[in-house]
Amino acid sequence: MSVESILEGLNPEQTRAVKTTEGPLLVLAGAGSGKTRVLTSRIAYLIEVCGIPAESILAVTFTNKAAGEMRERVEKHLGGEPRELWLGTFHSVCVRILRREIGHLGRSRGFVIYDEGDSLGVVKELLKRRSLDPKVHDPKRIRWRIDQWKNAGWLPSHLAQESGFGGDELNADLYAGYQKLLADSNALDFGDLLLLTVELFRRTPKVLAHYRRRWQYILVDEYQDTNRVQYDLVGLLAGERANLCVVGDPDQSIYAWRGADIRNILDFERDHPEAAVVKLEQNYRSTQPILSGATAVVKNNAGRKDKEMFTERSSGAKIARFDALNDREEAQEVVRRILSSVDGGASFGAHAILYRTNNQSRVFEEELLKYDIAYTVVGGVRFYERAEVKDALAYLRLLVNPRDDQALRRIVNRPARGIGKTTLDRASERAARGGLSLQEGLLEYASESGGRTAAKVRAFLEWIEAMREGIKTDPVHEIASRVLEESGMRRALENEATPEAESRLGNLAEWVVGAEDFHLANAEVLGSEERSGLEIYLDQVALIADLDNYRERAECVSLMTVHSSKGLEFPHIFLVGMEEGIFPHASAMSDEDGLEEERRLCYVGMTRAMQTLTLTAADERRRFGSVNYQSPSRFLDEIPDEWLEETTSEAGRRGRYGGRSVRSGGGSSLDYSYSQEPNESGAVPEGQRVRHAVFGDGTILQSVGSGTNTKLRIRFDRVGMKTIMVRYANLDLI
DNA sequence: CGGTAATTCGTTTTT
DNA sequence: CGAATTACCG
């Protein structure tokens, strides 16, 4: 591969960022400025042009998705991915290091990774052992506090030397206890992965020297979102005179709540006085109104590093603003606009609905369902966090690590096998007293007492032991199906015979397929690895965020939080719920820092849009069952009129609300009830001609289901076949 | 012990 | 309002 083809199509600044390979480099890359392109070209340039061996390069991102995208593009440049190149998330890189080196910290290399739920379980267990009332000492808050400490780089052992625990003696003590419990279970939580890697490097200079020598070139993506531990980690690896390239955009720093410190990027030049700085200011994504509108908002932040983005897409629609009466109408209007955009030739997949908080997705989902529009929700209840999938995974975890108390707790009685709370409490007590794992506690209990329950416990433990046969060698999906069969999970769900159970079975089937995909994708590597396929699989799923699995499907509207949308782009963006208290969120409104982060978040959301951007707000919003009165977000006022266009809905004002002027008509409030037409009983004559507000006229072909869940298969003259819920659809008989 | 009824509780954003 | 945890009875 030639220099020319690597640099082809890059603008002068991008080229400079690629070619400045020696010494520290700060790339300030605005939204849509081709940052990923620069990073991947740089890797290709280092390898192909400078002749740097791939193993000397480390590239770190925040999400697996970003890592995957980079990997793909590097492959394209180089015609194959060099195996020795380390390219991954902070967390996955740390896991890889710890799997080799954690012995230096006196820990076992066979550790499991605890997710947030597991970690909360540990806190609860700890409170129980300390006889502390969870009502008084909120487990969630304690877990959060511990997590903050970890993000800030504090271990309990630092307590003596430092004052960072700030008089919070009880929590500091609980933190120590929490770490002890984790260690007893041979488990690490997310924070530990980073924190212990830093600790490892600090305590064993020999190990640090090894990795430092290896990685002569380090690249860090999204540097503005690094927290203290990540900053330390990068600093340790890069050393004094590092070829360290960090890429980021201070305006897109949106993770302060997770410990990210925007100063890491703002102070890069102070940390590395000899650093070169490249600013990428050309936006290749958005039209002028979108870019200008978004920039105008973020410019209201004080202490901002100035940066002037520009675009050559000077034409384009203004930013649309729509004020709805309530959240329902807001959703209806958004869906209506999506449909009309699709009528105009766009695909559903070109549209994304972005909101501040996950719970806002609900109304939009309902509306999309009404019109039978396919959609995907990113985040919310993630696949690997669904109860049944977590259960199944817990079985696998327990097979690998008998000391995984949280996994055992989860599945010991699922499906019900007569080992209930009391038994578990007794076992747990023994475990606490004798310093045993929960499984050992159970064993002790079962061998010391007779009776029916003890027999059941023995049977269960023996079964688990038997299941451990072959887990080192068998393909993951085979172990997975074995667990589903033999544990009785599958049978229990089948016997339930409810739609929920049905969907769970579906999820589990999908899970097994996923495991098989894993096996196939890694088949050639697995034999040569020291660790078993199952172990590697468990590492991987532990670090998967929902976004990582997200594949854009051309026919699907995407729904996600603004946070999740970072790094993505869509031709048409709907940024919804633009109201005080929601966006900016109430919890961030009291201090200036919080407000500025919200503003950056707003900037991130707006700059996802390529062609059109629609901002919506509602006057009334249902929350906790009661109605709240909302006022429009201050961010709306911060967009100059020149780029903004207020629009009203045609269809929304007519017909549906009986021609009432819903806005200025003087307090007539829209009720939430749905039209029940064609009739209440749901008995709809097939062949009946109907008129739909959006789809137009059509003929009913089939009626499925009964009561409020009746669905109609309708062939519309204009848009073809649709399946529609009677309960929701506003149908008129004609 | 296990299922159902009652009550409580909550909403930020996530690797 | 709805999910999730707890209380209670069979």
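Heavy-atom basis, side chains included; hydrogens, waters and symmetry copies ignored. This one's a predicted model, so the numbers in the text were calculated from it and none came from an experiment. First the proteins, then the strands, lettered A, B, ... as listed; each starts at 1.
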Please report, rounded to the nearest Å, how far the P atom of dT15(B) is from the CG atom of Asp115(A).
12 Å
Using ring pair (Phe, Tyr, Trp, His ring centres under 6.0 Å) as the criterion, list what pairs up with Phe635(A), not counting sequence neighbours.
Phe583(A)
Rounded to whole Å, the CD-P distance (Glu222(A) to dT14(B)) equals 14 Å
Kindly say if Ser564(A) contacts the phosphate of dT14(B), meaning a side-chain N or O under 4.0 Å from OP1 or OP2.
yes
Distance check needed: dT14(B) P versus Leu193(A) CG, whole Å only.
19 Å
N/O (side chain, Asn151(A)) to phosphate O (OP1/OP2, dT15(B)) under 4.0 Å:
no
In whole angstrom, give the distance that lies between atom OH of Tyr603(A) and atom P of dT13(B).
24 Å
More 5' along DNA chain B: Tyr255(A) or Gly420(A), using each one's nearest nucleotide?
Gly420(A)
Value for NZ (Lys124(A)) from NE2 (His137(A)), rounded to nearest 0.5 Å, stands at 15.5 Å
Taking the side chain of Trp257(A) as heavy atoms from C-beta outward, which of dC1(C), dT13(B), dT15(B) is closest to it?
dT13(B)
When the distance from CD of Gln230(A) to P of dT14(B) is rounded to whole Å, what number comes out?
16 Å
Interatomic distance where CD belongs to Glu597(A) and P belongs to dT14(B) [whole Å]
12 Å
Could you please name the option among dT13(B), dG2(B), dT15(B) that lies closest to any side-chain atom of Asn413(A)?
dG2(B)
Is the aromatic ring of Phe62(A) within stacking range of dT15(B), meaning centres under 5.5 angstrom and planes under 30 degrees?
no
Among dT15(B), dC9(B), dT13(B), which is the nearest nucleotide to the side chain of His91(A)?
dT15(B)
From the candidates dT13(B), dA3(C), dT15(B), the one with an atom nearest any side-chain atom of Asn358(A) is dT13(B)
Nearest-Å distance for atom pair CG/P, residues Leu188(A) and dT15(B):
19 Å
Has Arg228(A) got a side-chain atom pairing as donor or acceptor with Asn151(A)'s backbone, closer than 3.5 angstrom?
no
Heavy atoms under 4.0 Å, any strand shown: does Thr561(A) hit a base, just sugar-phosphate, or nothing?
sugar-phosphate
Under 3.5 Å, is there a donor-acceptor pair between the side chain of Gln224(A) and the main chain of Asp249(A)?
yes
Which nucleotide, dG2(B), dT13(B), dT15(B), lies nearest any side-chain atom of Ala416(A)?
dG2(B)
Ring-face cation of Arg414(A) near Tyr395(A) (centre distance under 6.0 Å, axis angle within 45°):
no
What is the distance, rounded to the nearest whole Å, between atom CZ of Arg623(A) and atom P of dC1(C)?
16 Å
Reading DNA chain B from 5' onward, which residue's closest nucleotide shows up sooner: Glu116(A) or Thr423(A)?
Thr423(A)
By the 4.0 Å heavy-atom rule, please label Ser92(A) as base, sugar-phosphate, or nothing.
nothing
